[in-house]
Number of protein chains: 4
Amino acid sequence: MIIMKTDATPKEIAGVVKEIKKYGLRADVSKGRYRTVIGLVGDESKIPFSHFATLPGVKEATMVEAPYKLISREYSKLFEGEVEHAVVKIGDIEIGGDKPIFIAGPCAVESHKQLLRIAEEAKEAGAHMLRGGIFKPRSSVHSFQGLGATGYEEAREALSWMREAGERFNLATVTEVRGETQVDLAAEYIDMLQIGTRNMYNQDLLTKVAKTGKPILFKRHFGAGIEEFLSFAEYIAAEGSKDIVLCERGILPVGKGKNDTRYTLDLAAVPIIQNETYLPVIVDPSHATGRRDLIFSMSCAAIAAGASGLMIEMHYNPAEALVDAQQAITPDELKELINACRGIHKLTKLRKNEKS
Amino acid sequence: MIIMKTDATPKEIAGVVKEIKKYGLRADVSKGRYRTVIGLVGDESKIPFSHFATLPGVKEATMVEAPYKLISREYSKLFEGEVEHAVVKIGDIEIGGDKPIFIAGPCAVESHKQLLRIAEEAKEAGAHMLRGGIFKPRSSVHSFQGLGATGYEEAREALSWMREAGERFNLATVTEVRGETQVDLAAEYIDMLQIGTRNMYNQDLLTKVAKTGKPILFKRHFGAGIEEFLSFAEYIAAEGSKDIVLCERGILPVGKGKNDTRYTLDLAAVPIIQNETYLPVIVDPSHATGRRDLIFSMSCAAIAAGASGLMIEMHYNPAEALVDAQQAITPDELKELINACRGIHKLTKLRKNEKS
Amino acid sequence: MIIMKTDATPKEIAGVVKEIKKYGLRADVSKGRYRTVIGLVGDESKIPFSHFATLPGVKEATMVEAPYKLISREYSKLFEGEVEHAVVKIGDIEIGGDKPIFIAGPCAVESHKQLLRIAEEAKEAGAHMLRGGIFKPRSSVHSFQGLGATGYEEAREALSWMREAGERFNLATVTEVRGETQVDLAAEYIDMLQIGTRNMYNQDLLTKVAKTGKPILFKRHFGAGIEEFLSFAEYIAAEGSKDIVLCERGILPVGKGKNDTRYTLDLAAVPIIQNETYLPVIVDPSHATGRRDLIFSMSCAAIAAGASGLMIEMHYNPAEALVDAQQAITPDELKELINACRGIHKLTKLRKNEKS
Amino acid sequence: MIIMKTDATPKEIAGVVKEIKKYGLRADVSKGRYRTVIGLVGDESKIPFSHFATLPGVKEATMVEAPYKLISREYSKLFEGEVEHAVVKIGDIEIGGDKPIFIAGPCAVESHKQLLRIAEEAKEAGAHMLRGGIFKPRSSVHSFQGLGATGYEEAREALSWMREAGERFNLATVTEVRGETQVDLAAEYIDMLQIGTRNMYNQDLLTKVAKTGKPILFKRHFGAGIEEFLSFAEYIAAEGSKDIVLCERGILPVGKGKNDTRYTLDLAAVPIIQNETYLPVIVDPSHATGRRDLIFSMSCAAIAAGASGLMIEMHYNPAEALVDAQQAITPDELKELINACRGIHKLTKLRKNEKS
């Protein structure tokens, strides 16, 4: 990491960037309020930091051992002058802002009619964004893989329904991209691209999605520690993309007895990540618990823990859903949940404001 | 399980109990509002249920496969006529009642002065109960094991301080018993006996503590699934002791990287256990996270998830504490936490009442 | 799954395939020694099995609930007439045959000279195949990502070194492909393509690699149960590719204290998978333990558990390696290990032959 | 830890011990070949090491941070002059010696006849020791808890059968003690006392068993890391008892899908513990896998990993066993297993001898 002097000239900055490239690394130039900091992307062990410290305009050149720097609050402090929480904007929606954001919709998009009806009911219940799976990751090749699996034209059609539903009911849209070849197509139609839990480690997909410039919803792998999760978010940031929303969705449980949930929601990850990075964090209680009757409690708990929003599976008739029928809630339940969460958020927010 | 007819006579009940003993099992007689149910403690495979079904006064005799029956809501429904949540009373404190209960105090009792000061500040902050470790389970034999480890008289003295502090500040008291030989002594002085996470599987200790007739705070082992946790609570209930408060305190995490908490708080366990049993559930965020800065968030989350109370480590000067200094909060922080949790509990309670 | 009669004609088989397509599923036709079985790839719930049972040439049409069928021993029994273990052939090497196969080489290919020297020493030590990472999955974007990360031409050059080393020393070659865009290039040069632990769930990559027709080394994800592992191997088999070698490489441990290994080698998975599928299983002790001093013991244990081979990181000077220096062994250590494993394999093999 | 000079007199040693007691700690005096080392049992932070370093006869006084010292190879090196592996002797049986030791027997002792018959067949198959559960830890209070649960006299009788069977067939005996009150009774009859996986953290039981002076078989808890396991073994050693055999028996798995074993056998723990301590390590594949068909493979793997012995559940008619019927093997299978393991042990031993 190369920290430039406050009065470093553009020419001096360009000189450092050029020097970095000589060593086979990429330079990530961040112009802060007070100064410019140049991050190194690549193998830092090749860099002679003492040499860089002598270049014109350089204040400090140091090895930073942390596997993530670009998304770290500590790092951003160096050039922004103070710690801030980023807000990810999608149209007039602000994730990480003053109000909790609710994303709702079906696990899988099944038909035009199904999607439009759910979108309308999500809006009425108070949701801000519409989710809907078109490229579904599934454990079994013999299960329904989403409409996107049928073919290119079917995928395009389903994506266009998402756009249509979003526009008609004033909901921003988000869908998961599962493979590199789906990214450009999805980016044409959808406001925010999701990288699912099973693809957290898929660095080629991360890079590909980051290059679209779209806001990204990035889910933690169910077997990943927090540091690992943030290290992979750094792959996205390394492409210059900082509109990243992190999502806790449950990690592998110790036991899997009769009453254990499929995954254990790690709510402590919410304040921990908020302390480590400036990125907003939301929670998905639907996939974590896999049980409709737990969604309300765990949603309230997530907001109480400080989450900036929730992602919830909703269906007008859960029993009918082709995928994950046992975890979707009804529009009425969603409405009740959103109201309760808003109340809890106000109590929590109050305290945060008092503190600062 | 033998379900008696509504009009079964005491003599008929005694007859069934006698018959059960013949087969080498014990009988747990529960007189409900509507009927009496007789639970079998021992190896049920030895029981000829068809024979029992023909005894006078017997309505039904069936094998129940569940490893816990005495603490199960489903089972209690059979003879109580409707599902209820039990309230565990300690003096005028009701755990599982209308208000959340806060238990606070030092990890380890260190001196008379330390304990009395903390008790006073806990009371002022709004706590209902005082915790304080005298027999400390420790990973290393070379660490401080609590004042109780020094000798019998030292243990008695420390226990008497707990009683004194409780009486002076009108706080009920709770302390952990770690081995069978400590139980009777602790029961002389303390209102509620705690079985710690590492002793969840220690069935001989469970039985011994149950026999004191004292209310019991029973913590989940960090490697136990929910079903296993409840199966061991059943060991306590099998002694006729139903004043059991269950405590979620974190389970083993998937990762243990730089930012992961020591344990993962499994908050979904709160509504799951409340659904499975009629016993109240509280949460210990101090041991789960091991980090002072996470206690507020996770306390709010626990109450939002439906917990009936919290157990929090508090010290007037956390840095001074001999054990677990990094996880204790100050009296001021405790006060703020209790206020926030009360607000959240009101929102949650409201919803529960609307439902019923 | 549609099981045809022994005397079903090609026309009858084609008729069933056509009918399956009508319902939007794909047909996987397996001609066995005794009869043909048609597997269904897609959502089986759409299929009216009773209707299919009446088609000409059909013996039986049944729903099979198992998430993997194509790679299952039980399934293959239906049309092959007896249970067999498949042998995956790469040139004259037989994985799953009479002798254990040893794959050795550097974690990362670093230079032409490094690779050629290691290949020569691997051959001398008794290895059959050469491994070498060109596209490296890494936790940190700021670490060395392999020569393949520098650019297309650099990737091609490094791949050509693998081919050269393989040809010169008569070693078959294997390298990991990490993203979809690398597959075709790697397939030009390399004998066997590896899907790494972090990509086990990357079904788009699995499908892409399967389509090359190359033998595939498929590693278990460190957070995956055995059933899940096999369900994803089924994605490969669903493309008609049955030359799959499964690799156990350690799963997430309970603890990560000072002395715990990075991952826990699940050696029971070896006999379990051999019982469930006909595919050969090898073990990678290098990534599982991450410690050079444990490689010998765990290699012996893996072969004793019944593994068909081992994949070992080796370097003439481990301390020099750019990646995972602490887990590579020397050529001499490799030689000793191979000799010991051969001895153990003979003892184990003997018993297997006696049994059958 | 206080290291005495080579020529320190008994009076000087006694002086140091006296001084240690002043600070409220206990002294563990180990007389080595070359010098005496005094371990501190208690809170070392109270000790002014610089003061102790000036006492007569003291060579060095240092804080050792490791949670285990008394069982550590590194520590024993300080006063024994070289690293050695301890051999635990039970009559003429040497655990940790030249030959692998096989412990076999029923999960639970059920009758005099059952035990005697199994003992005879275990001996014929080549076993050295007889296991048999009398005080059974069980997940459900409603399951068979062993003959010891029926009453004091029944426990004594079952224990006497163990002694009788051991004497008649020249087998040393081992049984689990589950609670503190069972220890003295069991020690009257049995050669080696076992502390089971669920009691690993039960430090009061550990201390109680250590005081009997009997050799101890100490099993790892299924949720414990290696460092934690060794830290609790230190509780036993702190009582002066060094005849400890450690037992790996499987840890909690990541997944619990259809094909996963109940626990994951962590065989890397064998060489790791052998490197950390001088204590012998054996393996219990029966409880780890819970599946009869995996016992042979995992036994071979355990011996290949360097284990000093195995503990195996055996029954002449497994289907009849009251407890864990699905994991017991037959006498013939035991014989075959012992033969294969002896062959593998010779190969492994050979290499160890060549090395030294």
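Order of the sequence lines fixes the chain letters, A, B, ..., with proteins taken first and strands second; residue numbering starts at 1 for each chain.
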S.K.: What part of D/Thr207 lies closer than 4.5 angstrom to a heavy atom of chain B: side chain, backbone, both or neither?
M.R.: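 Contact with chain B: none, neither part.
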S.K.: Using heavy-atom distances under 4.5 Å, tell me whether D/Arg138 contacts chain B through its side chain, its backbone, both, or neither.
M.R.: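 Both backbone and side chain.
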S.K.: Of all of D/Thr197, D/Leu25, D/Asn202, which one pairs up most often with chain B through heavy atoms under 4.5 Å apart?
M.R.: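 That would be D/Asn202.
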S.K.: Do you know which of D/Arg178, D/Arg26, D/Gln145, D/Met200 has the most heavy-atom pairs with chain B at a distance under 4.5 angstrom?
M.R.: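 Going by pairs under 4.5 Å, I would pick D/Arg178.
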S.K.: Rounded to the nearest 0.5 Å, how far apart are CG of D/Asp204 and CG of B/Asp204?
M.R.: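 With rounding to 0.5 Å, CG (D/Asp204) is 12.5 Å from CG (B/Asp204).
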S.K.: Name the region of D/Gln182, side chain, backbone, both or neither, that has any atom closer than 4.5 Å to a heavy atom of chain B.
M.R.: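 Side chain of D/Gln182 only, per the 4.5 Å heavy-atom cut-off to chain B.
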S.K.: Counting only heavy atoms closer than 4.5 Å, note whether D/Glu180 contacts chain B via side chain, backbone, both or neither.
M.R.: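 Both the backbone and the side chain of D/Glu180 come within 4.5 Å of chain B.
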S.K.: Using heavy-atom distances under 4.5 Å, tell me whether B/Phe135 contacts chain D through its side chain, its backbone, both, or neither.
M.R.: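 Interface part for B/Phe135: neither.
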S.K.: Relative to the ring of D/Tyr201, is the ring of B/His221 parallel (under 30°), tilted (30 to 60°) or perpendicular (over 60°)?
M.R.: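 Tilted: the ring planes of B/His221 and D/Tyr201 meet at 30° to 60°.
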S.K.: Give, as side chain, backbone, both or neither, the part of D/Glu234 having an atom under 4.5 angstrom from any heavy atom of chain B.
M.R.: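 Both the backbone and the side chain of D/Glu234 come within 4.5 Å of chain B.
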S.K.: What are the two closest non-hydrogen atoms of D/Ser231 and B/Ser139, and how far apart are they?
M.R.: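 Minimum heavy-atom separation between D/Ser231 and B/Ser139: CB-O, 3.2 Å.
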S.K.: So how far is it from D/Ser140 OG to B/Gln203 CD, rounded to the nearest 0.5 Å?
M.R.: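 D/Ser140 OG to B/Gln203 CD: 10.0 Å, rounded to 0.5 Å.
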S.K.: Shortest non-hydrogen contact from D/Ala238 to B/Val141?
M.R.: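 Residues D/Ala238 and B/Val141, closest heavy atoms: CB-CG2, 3.9 Å.
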